[in-house]
Amino acid sequence: MSGHSKWATIKRKKAATDQKRGNLFTKLVKEITISARMGGGDPSGNPRLRLAIDTARMNSMPMDNIQRAIKKGTGELEGASYDEITYEGYGPAGIALIIETATDNRNRTVAEIRHIMSRNNGSLGESGSVGWMFHRKGSIEVPKTAAGEDQLMELLLDAGLEDLDGDDEAYCTVLCDVRDIEAVKKALEDAGIAYENAKIDLVPENYIELEAEDAGKVIRLIDALEGNDDVQAVYSNMEISEKAMNTLNG
């Protein structure tokens, strides 16, 4: 999972920019609204909504915004109705991409996604063209200042830990079955261990390692996709070599 951790490092650095431009709050509101529409407005009985609320609160979203998004989802307040659409395709150097969107206008969204892909050496594929390469997992990042790998391994095995990636300098990434993410979070909370970015992730079976030039192209494409208000998340099977990472950070 080393490639995953390197890409996660870059994603964390980008997160501040996303929040500054308001892009992150737009995505969080959509996720809360959709979660409430699909599973009801009570987070105790709706794991997806509970996770969306936790993510929103970790990113300093006011509770008033969260409550309004829930009420729009349950129909208590008027608001846009969003459809979830997943696109699959390829980026530079043949990297596989999964693009998850939430939109109130399917035609606009596919046109914009296709335009972004074509301008950045990417192309959309048929449904199922790359989806088979990815598996949906619960993902939680734990700062190494909060707990070490051995401690996490011992603590979380019974809670559902499937994989633990400690390659990142500052974080360990905990992977588990989607159904176990709440149990893993509770185990961390009960032990007093701080965590960040608890989310549902799409993890590829295998990674393709890229050098700096191609990695930079893929990052620019993903950044352009994530800058679109209809795009909720982008996943790839890119792995970045140590040399490329140093070049990109330079």
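Bear in mind the structure is a predicted one, so any value in this text is a computation, not a measurement. Worth knowing before you read on, the calculation uses all heavy atoms, side chains too, and leaves out hydrogens, waters and symmetry mates. Counting begins at 1 with the first residue of the sequence.
The shortest non-hydrogen separation linking Leu152 to Leu161 is O-CD2, 4.4 Å. Considering all non-hydrogen atoms of both residues, Val142 and Ala147 come closest at CG1-CB, 4.3 Å. Taking each heavy atom of Val234 and Val231 in turn, the nearest pair found is CG2-CG1, 3.7 Å. Here the closest non-hydrogen pair linking Cys176 and Gly160 is CB-O, 3.3 Å. Between Ala52 and Ser35, the shortest heavy-atom distance links the atoms CB-OG, 4.3 Å. Taking every heavy atom of both residues into account, Met58 and Asn197 meet most closely at SD-N, 4.1 Å.
Taking a 6.0 Å sphere around CD of Glu205, one finds it holds more than 12 heavy atoms contributed by other residues, nucleotides or ligands. Shown here is Glu213, whose CD atom has no more than 12 heavy atoms of other residues, nucleotides or ligands within 6.0 Å. In Glu149, the CD atom is crowded: over 12 heavy atoms of neighbouring residues, nucleotides or ligands sit closer than 6.0 Å. The environment of Arg108 atom CZ is dense: over 12 non-hydrogen atoms of other residues, nucleotides or ligands sit within 6.0 angstrom. Counted within 6.0 Å of CG on Asp190, heavy atoms from surrounding residues, nucleotides or ligands total more than 12; the atom is thus considered enclosed. By the neighbour-count criterion of 12 heavy atoms within 6.0 Å, atom NZ of Lys144 is densely surrounded, having more than that number from other residues, nucleotides or ligands.
Side-chain contact check for Glu84 versus Gln232: every heavy-atom pair is 4.5 Å or farther apart. Contact annotation: the side chain of Leu156 approaches that of Leu188 to within less than 4.5 Å [non-hydrogen atoms, C-beta and beyond].
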Exercise. Begin from the C-alpha positions of Tyr90 and Ile95 and carry the test side-chain contact (heavy atoms from CB on, under 4.5 Å) through to its verdict.
Key: CA-CA 5 Å; Tyr90 297 91; Ile95 289 298; over 6 Å; no
Quiz prompt | CA sep, side-chain torsions, deciding dist, call: Leu97, Ile222, side-chain contact (heavy atoms from CB on, under 4.5 Å) | solution = CA-CA 9 Å; Leu97 295 172; Ile222 293 176; 4.2 Å; yes
Practice problem: Show the numbers, then the answer: is there a side-chain hydrogen bond (donor to acceptor under 3.5 Å, both in side chains) between Ser44 and Asp42? | Solution: CA-CA 5 Å; Ser44 65; Asp42 181 4; 2.8 Å; yes
Quiz item: Asp214 and Met238: side-chain contact (heavy atoms from CB on, under 4.5 Å), yes or no, with the steps?
Solution: CA-CA 10 Å; Asp214 284 333; Met238 172 175 62; over 6 Å; no
Self-check item: Test log, rule side-chain contact (heavy atoms from CB on, under 4.5 Å), inputs Met117 and Leu221
Solution: CA-CA 7 Å; Met117 293 284 276; Leu221 169 55; 4.0 Å; yes
Quiz item: salt bridge (Lys or Arg N to Asp or Glu O under 4.0 Å) between Asp54 and Lys185: does it pass, once the steps are laid out?
Solution: CA-CA 11 Å; Asp54 287 348; Lys185 286 169 58 182; 2.5 Å; yes
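Looking at Arg50, its side chain does come within 3.5 Å of a backbone N or O of Pro43 through a donor-acceptor pair. When atom types are taken as modelled, the side chain of Ser139 and the backbone of Ile200 share no donor-acceptor pair closer than 3.5 angstrom. In this structure a side-chain-to-backbone donor-acceptor pair under 3.5 Å is present from Glu88 to Val130. No donor-acceptor pair closer than 3.5 Å links the side chain of Asp201 to the backbone N or O of Val203. Between the side chain of Asn59 and the main chain of Thr55, a donor-acceptor pair closer than 3.5 Å is present. In this structure a side-chain-to-backbone donor-acceptor pair under 3.5 Å is present from Lys27 to Glu226. A donor-acceptor pair under 3.5 Å is absent between the side-chain atoms of Asp180 and the main chain of Ala183, judged by distance alone. Of the possible donor and acceptor atoms, one in the side chain of Asn237 sits under 3.5 Å from a partner among the backbone N and O of Ala96. Under the 3.5 Å distance criterion, the side-chain polar atoms of Lys72 are left unmatched by any main-chain donor or acceptor of Ile32.
For the atom pair OG (Ser123) and CZ (Arg114), the distance works out to 10.0 Å, reported to the nearest 0.5 Å. Going from atom CD of Glu141 over to atom CG of Asp165 covers 9.5 Å, rounded to the nearest 0.5 Å. In this structure, CZ in Phe134 is found 6.5 Å from OG in Ser236, a value given to the nearest 0.5 Å. Gln151 CD to Met153 CE: the interatomic distance, rounded to the nearest 0.5 Å, is 12.5 Å. Thr74 contributes atom OG1, which lies 11.0 Å from atom CG of Asn46 (distance to the nearest 0.5 angstrom). To the nearest 0.5 Å, atoms CG (Leu51) and CD1 (Ile53) are separated by 10.0 Å.
Remark: Glu211 does not engage Lys243 in a salt bridge, criterion side-chain N to carboxylate O under 4.0 Å. A salt bridge links Arg48 to Glu31: one of the charged nitrogens lies within less than 4.0 Å of a carboxylate oxygen. Looking at Asp83 and Arg106, a side-chain N of the basic residue comes within less than 4.0 Å of a carboxylate O on the acidic one, giving a salt bridge.
Shown are Thr109, Asn105, Thr103; of these, the side chain to side chain contact (heavy atoms under 4.5 Å, CB included) with Asn107 is made only by Asn105. Glu100 pairs with exactly one of Lys30, Lys199, Arg136 by the salt bridge (charged side-chain N to carboxylate O under 4.0 Å, His left out) rule, that one being Arg136.
Following chains of ILVMFWY side-chain contacts shorter than 4.5 Å, one cannot reach Leu77 starting from Ile70, and the two form parts of different hydrophobic clusters. Grouping the Ile, Leu, Val, Met, Phe, Trp and Tyr side chains by contacts below 4.5 angstrom, directly or via other members, places Ile181 with Leu157. Hydrophobic clustering of Ile, Leu, Val, Met, Phe, Trp and Tyr side chains at less than 4.5 Å, counting indirect connections, keeps Ile85 apart from Tyr82. Under the 4.5 Å side-chain heavy-atom criterion for ILVMFWY residues, no single connected hydrophobic cluster contains both Ile34 and Tyr235.
Between Glu189 and Tyr195, the side chains place a donor N or O and an acceptor N or O closer than 3.5 Å (distance only, hydrogens not considered). A donor-acceptor contact closer than 3.5 angstrom is absent between the side chains of Asp230 and Thr101.
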